[in-house]
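Start at 1 and go down the list; that is how both ligands and their atoms are numbered.
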Amino acid sequence: MRHIEEKLSTPIKYECDVLVAGGGFGGISAALAAAREGKSVILTDRGFILGGLATAGLVTIYLPLCDGFGRQVSFGLAEELFRLSVSECCNGKRGFANWIACDDKTKRGEGFPRFEADFNPQIFAILAEQRLVSLGVKLLYGTVAVAVNKSGDRITEVIAENKSGRFAISASSVVDATGDADIAFYSGVPTKSFGQGNVLAAWYYSNTGENGYRLHTLGASDVPDEEQAKGKKASARLVDRRFSGLDGEEISEMCILSHAATLSDLRKRRESDPSIEPTTIATIPQLRMTRRIDGEYTLGTDEMHKRFDDSIGMVSDWRKRGPVYEVPFRTLYSGAVKNLIMAGRCTSVTDGMWDIMRVIPCCAITGEAAGIAAAISSDFTLLDVTELQKKLVSHGGVLHENDIKT
Ligand SMILES: Cc1cc2nc3c(=O)[nH]c(=O)nc-3n(C[C@H](O)[C@H](O)[C@H](O)COP(=O)(O)OP(=O)(O)OC[C@H]3O[C@@H](n4cnc5c(N)ncnc54)[C@H](O)[C@@H]3O)c2cc1C
């Protein structure tokens, strides 16, 4: 391949305390948490709507905050954003009736829907935007983080591009909420990609006279190799191909296949219901797991019910009732770059655990901790974890399984 040499002189257009790259659930949570600590926060997203996969990707099922046996395990911003997501738009499905609309605790355990809900992506995106703007967060849409400038083991600026051109944002701490660990990768932090690759997904909404507004979840889920080795069977795939999500050409091919699968599904449905119309298709690639950091600690599926002194909150397993994991702060950063922290689906976990940690409530848990950490420190290897934990608890967080009040 031929190369050209570019000569660049990049203006430092913005300065802030905390820069959040990526505005999915990880980034929204991080920006909210950092702004509530009184810091100046800039959030950049390559798209033009907040929520990432959960809104532009039409993944509108807020998976459980509970363990499936009646105990809520995820709190803080994971719960605040859950309530925001259903505040103006609940269609009453899943756990709304027994967890949100009714206090009867006898209706929350086994045999009942879990603490989860369907939400409307457009309303959530606007409500989240208004909440961030009201806290003074500067939102830069259509702004892709493309590189970093470093001094030793610290990021001094993140380089971004948007309609105005190429510019730098200087920040004391940086939260990587890109979902793909882009900033970590640009900074030279050790990363790992998802060995198994992603199956094709094509989630879309339709409307019909008969069935109303409806989500279709083609390529609904995958089973990690780790679980398949234990005998769990994966469902049929839309195409016999997997996607890393880290190659521009491959992502484009994946989107084209996803669009084709949508149209073909729609045509099939039209045979029995001629009134069906697609109302929304995803405007972001529906990739579950791509790249993550290889951080100070890597959490695995066998560590359920284990106490971690540096826990920043808990998550459950959306796939089955029972397992609860405390999330160690050390899964959010690598000592290789001192002022960079991860939020959302790119923290340090094994491939099997990734399938648990990638979902919405978990992204909010890591996002909130990353945002507060970025507000109180710019060297995560030296951060006083007790101070971070105190702040998380003061905002409603619960850190250890033993601390859950039943
Ligand atoms: C098909 C599918 C089904 C799923 N089903 C569910 C489900 O039912 N329930 C559930 O809870 N979870 C589900 N998930 C997982 C969940 O939706 C996501 O993992 C989660 O929303 C990720 O949040 P995030 O903030 O980490 O990342 P993302 O939502 O990916 O957000 C990252 C954001 O960063 C932006 N960005 C990326 N790179 C850059 C860059 N370089 N510069 C600037 N901005 C950038 C993107 O535009 C995006 O807005 C599903 C995922 C998929 C793909």
Side-chain angles (χ1 to χ4, degrees), residues 19-31 42-65 74 78 81-82 85 94 114 116-119 121 124-125 128 139-148 158-162 169 174-186 194 198-204 215-222 238 243 245-246 251 254 258 282-292 315-316 318-319 342-347 354-367 370:
L19 171 67
V20 180
F25 264 81
I28 292 170
S29 305
I42 295 179
L43 187 156
T44 70
D45 197 283
R46 67 182 173 189
F48 290 88
I49 177 175
L50 288 176
L53 275 165
T55 57
L58 304 180
V59 172
T60 53
I61 307 165
Y62 206 121
L63 282 170
L65 304 179
S74 301
L81 294 179
F82 180 100
S85 78
R94 299 179 204 264
R114 294 176 70 176
E116 59 187 0
D118 303 86
F119 61 94
F124 173 76
L139 295 178
L140 289 175
Y141 285 134
T143 304
V144 191
V146 293
V148 296
V158 169
I159 319 291
E161 289 179 357
N162 67 15
I169 305 169
V174 179
V175 180
D176 184 342
T178 60
D180 303 323
D182 281 3
I183 311 295
F185 181 69
Y186 304 149
F194 182 53
N198 291 264
V199 295
L200 185 71
W203 289 31
Y204 73 98
L215 176 65
H216 304 277
T217 58
L218 312 182
S221 63
D222 192 17
L238 290 170
F243 305 87
L246 296 172
I251 295 173
M254 190 194 86
S258 173
T283 51
I284 193 172
Q286 292 173 326
L287 288 154
R288 292 177 167 90
M289 293 165 278
T290 54
R291 183 167 52 206
R292 63 163 177 90
V315 301
S316 61
W318 60 276
R319 305 164 307 185
M342 315 305 289
R345 63 182 169 92
C346 42
T347 59
W354 210 340
D355 195 38
I356 295 173
M357 281 304 294
R358 71 184 170 85
V359 302
I360 294 171
C362 311
C363 293
I365 290 282
T366 55

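Taking atom 53 (C) of ligand 1 as the reference point, the nearest protein heavy-atom neighbour is Q286 C, 3.4 Å. The nearest heavy-atom contact from the protein to atom 34 (O) of ligand 1 is G22 CA, 3.2 Å. Of the protein's non-hydrogen atoms, R358 O, 3.6 Å is the one closest to atom 16 (C) of ligand 1. Counting only heavy atoms of the protein, atom 31 (O) of ligand 1 lies nearest to G24 CA, 3.5 Å. Protein heavy atom at the shortest distance from atom 52 (C) of ligand 1 is R288 CG, 3.6 Å. Of the protein's heavy atoms, R46 N, 3.1 Å lies nearest to atom 44 (N) of ligand 1. The nearest heavy-atom contact from the protein to atom 39 (C) of ligand 1 is T178 CG2, 3.7 Å.
V315 has its side chain out of reach of P361: every pair of non-hydrogen atoms, C-beta onward, lies at least 4.5 Å apart. In this structure, R292 and D180 have side chains that are not in contact, with every pair of non-hydrogen atoms separated by 4.5 Å or more. Side-chain atoms of V174 and V148, non-hydrogen and from C-beta on, never get closer than 4.5 Å to each other. The shortest distance between side-chain heavy atoms of R319 and I356 falls below 4.5 Å. Under the 4.5 Å side-chain criterion, counting only non-hydrogen atoms from C-beta, R46 is in contact with I284. Taking the side chain as every heavy atom from C-beta outward, L50 and Y141 approach each other to under 4.5 Å. With contacts defined as side-chain heavy-atom distances shorter than 4.5 Å, the pair L63/I360 does not qualify. Side-chain contact check for R345 versus T366: every heavy-atom pair is 4.5 Å or farther apart.
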For a side chain to side chain contact (heavy atoms under 4.5 Å, CB included) check, start with the C-alpha distance between D182 and R291, then their side-chain angles and the critical distance, and finish with the verdict.
CA-CA 8 Å; D182 281 3; R291 183 167 52 206; 2.9 Å; yes
Could you walk me through whether L287 and M254 pass the side chain to side chain contact (heavy atoms under 4.5 Å, CB included) check?
CA-CA 9 Å; L287 288 154; M254 190 194 86; 3.6 Å; yes
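Using a 4.0 Å cut-off between heavy atoms, C346 makes no contact with ligand 1 at all. Residue contacts with ligand 1, taken as heavy atom pairs separated by less than 4.0 Å, involve W203 solely via side-chain atoms from C-beta onward. Counting heavy atoms under 4.0 Å from ligand 1, residue N198 does not touch it at all.
The number of heavy-atom neighbours closer than 6.0 Å to CZ of F185, taken from other residues, nucleotides and ligands shown, is 12 or below.
If you number the atoms of ligand 1 from 1 as listed, the ones under 4.0 Å from a heavy atom of I360 come out as 10 (C), 11 (O), 12 (N), 21 (O). For ligand 1 and G26, the ligand atoms under 4.0 Å from any heavy atom of the residue are 25 (O). Per-residue contacts place A145 under 4.0 angstrom from the following atoms of ligand 1 (heavy atoms of the residue considered): 40 (C), 41 (N), 42 (N), 43 (C). Listed by number with element, the atoms of ligand 1 under 4.0 angstrom from any heavy atom of L287 are 53 (C). For ligand 1, the atoms sitting less than 4.0 Å from at least one non-hydrogen atom of C363 are 20 (C), 22 (C), 23 (O), 26 (O), numbered in the order shown with element in parentheses. Within ligand 1, the atoms closer than 4.0 Å to a non-hydrogen atom of I61 are 7 (C), 8 (O), 9 (N), 10 (C), 11 (O), numbered from 1 in the order shown. Near D182, the atoms of ligand 1 lying under 4.0 angstrom from a non-hydrogen atom of the residue are 38 (N), 39 (C), 40 (C), 41 (N). Using a 4.0 Å cut-off to heavy atoms of G344, the atoms of ligand 1 that qualify are 26 (O).
Using modelled atom types, no side-chain atom of N162 and backbone atom of G142 make a donor-acceptor pair closer than 3.5 Å.
Among G367, A30, P361, A177, the residue whose heavy atom lies closest to atom 32 (C) of ligand 1 is A177. The residue among V359, L58, L43, L53 with a heavy atom at the shortest distance from atom 28 (P) of ligand 1 is L53. When D45, D118, L215 are ranked by how near their heavy atoms come to atom 47 (O) of ligand 1, first place goes to D45. Which of L200, V59, T347, T44 comes nearest to atom 7 (C) of ligand 1 through a heavy atom is settled by distance: it is V59.
Between T143 and ligand 1 there is a heavy-atom distance shorter than 4.0 Å. Heavy atoms of G23 come nearer than 4.0 angstrom to ligand 1 in at least one pair. Judged by the shortest distance from any of its heavy atoms, D180 lies outside the 4.0 Å radius around the atoms of ligand 1.
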Distance-only donor-acceptor hits, side chain of residues 19-28, under 3.5 Å, sequence neighbours excluded:
none

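Salt bridge D355/R288: absent, no basic N to carboxylate O contact under 4.0 Å.
Taking any N or O of R345, backbone or side chain, at least one lies under 3.5 Å from an N or O belonging to ligand 1.
Here the straight-line distance linking atom OG1 of T290 with atom CD1 of I251 works out to 8.0 Å at 0.5 Å rounding.
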